[in-house]
Amino acid sequence: MTVRVPAKVNVQLAVGGARPDGFHDLANVFLAVSLYDEVTATPAAALTVTCEGPDADKVPLDRTNLAARAAELLAARHGIAPDVHLHIAKDIPVAGGMAGGSADGAGALLACDALWGLDSSREELLEICAELGSDVPFSLVGGAALGVGRGERLTELPVGGAFHWVFAVADGGLSTPAVYGEFDRLNEGMTVPGPVASPVLLDALRTGDATALAGALANDLQPAALSLRPSLAATLAAGTDAGALAALVSGSGPTTAFLVKDAESAESVAAALVASGTCRTARVATSPAAGATLLG
């Protein structure tokens, strides 16, 4: 069973102060984009994980991989052994702030559910997704959604049209816990307001207005990501200079996202970013994209 799962961009990531459990309350507006991983589940004598694609050597193949954990959690709920081979075909940037690992967890969950004939409800799958991580439920759902709590409690959002993006992939990754730690350091001694979704941004999504969305994009983790990786400022500037409507760090980074007006602009901005030498490569994508989808 093969499942295709999308990357995401956070068009708004509002972050509250650290909670006693170490997490942060979020108002996280997710938008799924047309960069995909594929997760294939086949019967096996034991749980194994393999991976191919860009930076596949950086993907853990042990029980820390969210795909493996998804298989284990699903199997445990149904009292069966997680005997499955999971093969991940990567195309979402690794450790790039685009939820590639979370996508693989959601993909493995849906693939194993189909392979084992469990016919789990959407609610049960979302419960397991929330156990796996804050971004995993959205990888299952796709489209657009507002995530609150630590991002796992979703409300799906209407989107009135297609948006065009360019994603600049940096050399190396950024640790999400490290970025949140830097966020806490930068805000030490300050009152961090409670996170709230922007009505202007939600309306721009609903109407499909790229110019309005560009003016409302926001990421409270961006200063922390730039503090840890100052070179990202040059990438953001290169994309803006090339004609992007707006630029921001995607999630915890280091991938940077550029909203553009149309497909032609996307190709132009991508070429300019590569020529600038400020990123390793640039990828063109559209949104919204479907969530985890069983291909067969």
Undergrad: Below 4.5 Å, heavy atoms only, C-beta onward: do V29 and L205 meet side chain to side chain?
TA: yes
Undergrad: Quick check against the 3.5 Å criterion: does T281 have a side-chain atom that pairs as donor or acceptor with the backbone of V169?
TA: no
Undergrad: L86, L66: one ILVMFWY side-chain cluster at the under-4.5 Å cut-off?
TA: yes
Undergrad: Out of V249, T256, L13, L232, which one pairs with Q222 under the side-chain contact (heavy atoms from CB on, under 4.5 Å) rule?
TA: V249
Undergrad: For the pair V141 and R122, evaluate side-chain contact (heavy atoms from CB on, under 4.5 Å) and give the outcome as yes or no after the intermediate values.
TA: CA-CA 9 Å; V141 170; R122 177 183 172 92; 3.6 Å; yes
Undergrad: Is there a side-chain contact between V94 and V59 in this structure, where contact means two heavy atoms from C-beta onward sitting under 4.5 Å apart?
TA: yes
Undergrad: Does S250 reach the main-chain N or O of V9 with its side chain, forming a donor-acceptor pair under 3.5 Å?
TA: no
Undergrad: Got a second to check how far L109's CG is from S120's OG, nearest 0.5 Å?
TA: 7.5 Å
Undergrad: May I ask whether V260 and V11 are part of the same hydrophobic cluster, defined by side-chain heavy atoms of I, L, V, M, F, W, Y residues being less than 4.5 angstrom apart, directly or through others?
TA: no
Undergrad: Hey, what do you get for CG (L217) to OG (S198), rounding to the nearest 0.5 Å?
TA: 10.0 Å
Undergrad: L74 and I80: same hydrophobic cluster, using ILVMFWY side-chain contacts below 4.5 Å?
TA: yes
Undergrad: Checking L213 against L201 for the side-chain contact (heavy atoms from CB on, under 4.5 Å) test, could you report, in this order, the C-alpha distance in whole Å, the side-chain angles of both residues, the deciding distance, and whether it holds?
TA: CA-CA 6 Å; L213 182 62; L201 182 137; 3.9 Å; yes
Undergrad: Apply the test side-chain contact (heavy atoms from CB on, under 4.5 Å) to residues L110 and V39: give CA-CA distance (whole Å), side-chain angles for both, the deciding distance (0.1 Å), then the verdict.
TA: CA-CA 9 Å; L110 190 58; V39 183; over 6 Å; no
Undergrad: Do E131 and R77 have side-chain heavy atoms sitting under 4.5 Å apart?
TA: yes
Undergrad: For the residue pair F138 and F30, categorise the inter-ring angle as parallel (less than 30°), tilted (30 to 60°) or perpendicular (more than 60°).
TA: parallel
Undergrad: Quick one, D220 with V192, criterion side-chain contact (heavy atoms from CB on, under 4.5 Å). Give me CA distance, side-chain angles, the key distance, then yes/no.
TA: CA-CA 11 Å; D220 287 352; V192 179; over 6 Å; no
Undergrad: Is it the case that the side chains of E182 and S227 hold a donor-acceptor pair, with the cut-off being a distance below 3.5 Å and no angle test?
TA: yes
Undergrad: Under a 3.5 Å distance rule, please check whether S276 uses its side chain to pair with a backbone N or O of L273 as donor and acceptor.
TA: yes
Undergrad: So, do N219 and N10 sit near enough that their side-chain heavy atoms are less than 4.5 Å apart?
TA: no
Undergrad: Taking the side chain as every heavy atom from C-beta outward, state whether L221 and F183 have any pair of such atoms under 4.5 Å apart.
TA: yes
Undergrad: Is there a donor-acceptor contact under 3.5 Å linking the side chains of S252 and T176?
TA: yes
Undergrad: Quick check: is L126 connected to L157 through a chain of hydrophobic side chains (ILVMFWY, heavy atoms under 4.5 Å apart)?
TA: no
Undergrad: Write down the atom of V33, the atom of A285, and the distance for their closest heavy-atom approach.
TA: CB-CB, 4.3 Å
Undergrad: Side chain of E264, backbone of D262: donor and acceptor closer than 3.5 Å?
TA: no
Undergrad: What is the minimum heavy-atom distance between P254 and R229, and which atoms define it?
TA: CB-NH1, 3.8 Å
Undergrad: Side chains of D55 and P93: closer than 4.5 Å at any heavy-atom pair?
TA: no
Undergrad: About how many Å separate CG of D104 and CZ of R69, when rounded to the nearest 0.5 Å?
TA: 13.0 Å
Undergrad: Roughly how far apart are D83 CG and T42 OG1, rounded to 0.5 Å?
TA: 11.5 Å
Undergrad: For the residue pair F258 and A244, what are the closest heavy atoms and their distance?
TA: CB-CB, 3.9 Å
Undergrad: When you check the side-chain N and O atoms of H87 and T50, is any donor under 3.5 Å from an acceptor?
TA: yes
Undergrad: Check whether any side-chain heavy atom of R283 lies under 4.5 Å from a side-chain heavy atom of M98, and answer yes or no.
TA: no
Undergrad: Identify the residue among L61, T40, N65 that makes a side-chain contact (heavy atoms from CB on, under 4.5 Å) with I88.
TA: N65
Undergrad: Quick one: pull up CG in D184 and NE2 in H24 and give me the separation to the nearest 0.5 Å.
TA: 3.5 Å
Undergrad: Of all the heavy-atom pairs spanning A145 and L154, show the shortest one and how long it is.
TA: CB-CD2, 4.2 Å
Undergrad: Any donor-acceptor pair under 3.5 Å linking the side chain of K8 with the backbone of G97?
TA: yes
Undergrad: Looking only at heavy atoms, what is the nearest atom pair of P195 and A27, with distance?
TA: CB-N, 3.5 Å
Undergrad: Please check if M1 and I128 belong to a single hydrophobic cluster, counting links between Ile, Leu, Val, Met, Phe, Trp and Tyr side chain heavy atoms closer than 4.5 Å.
TA: yes
Undergrad: Does some side-chain heavy atom of I92 sit less than 4.5 Å from a side-chain heavy atom of F167?
TA: no
Undergrad: Give, for atom CG of D209 and atom CZ of F163, the distance between the pair rounded to the nearest 0.5 Å.
TA: 7.5 Å
Undergrad: Measure across A292 and P6 and return the closest heavy-atom pair with its distance rounded to 0.1 Å.
TA: N-CD, 4.1 Å
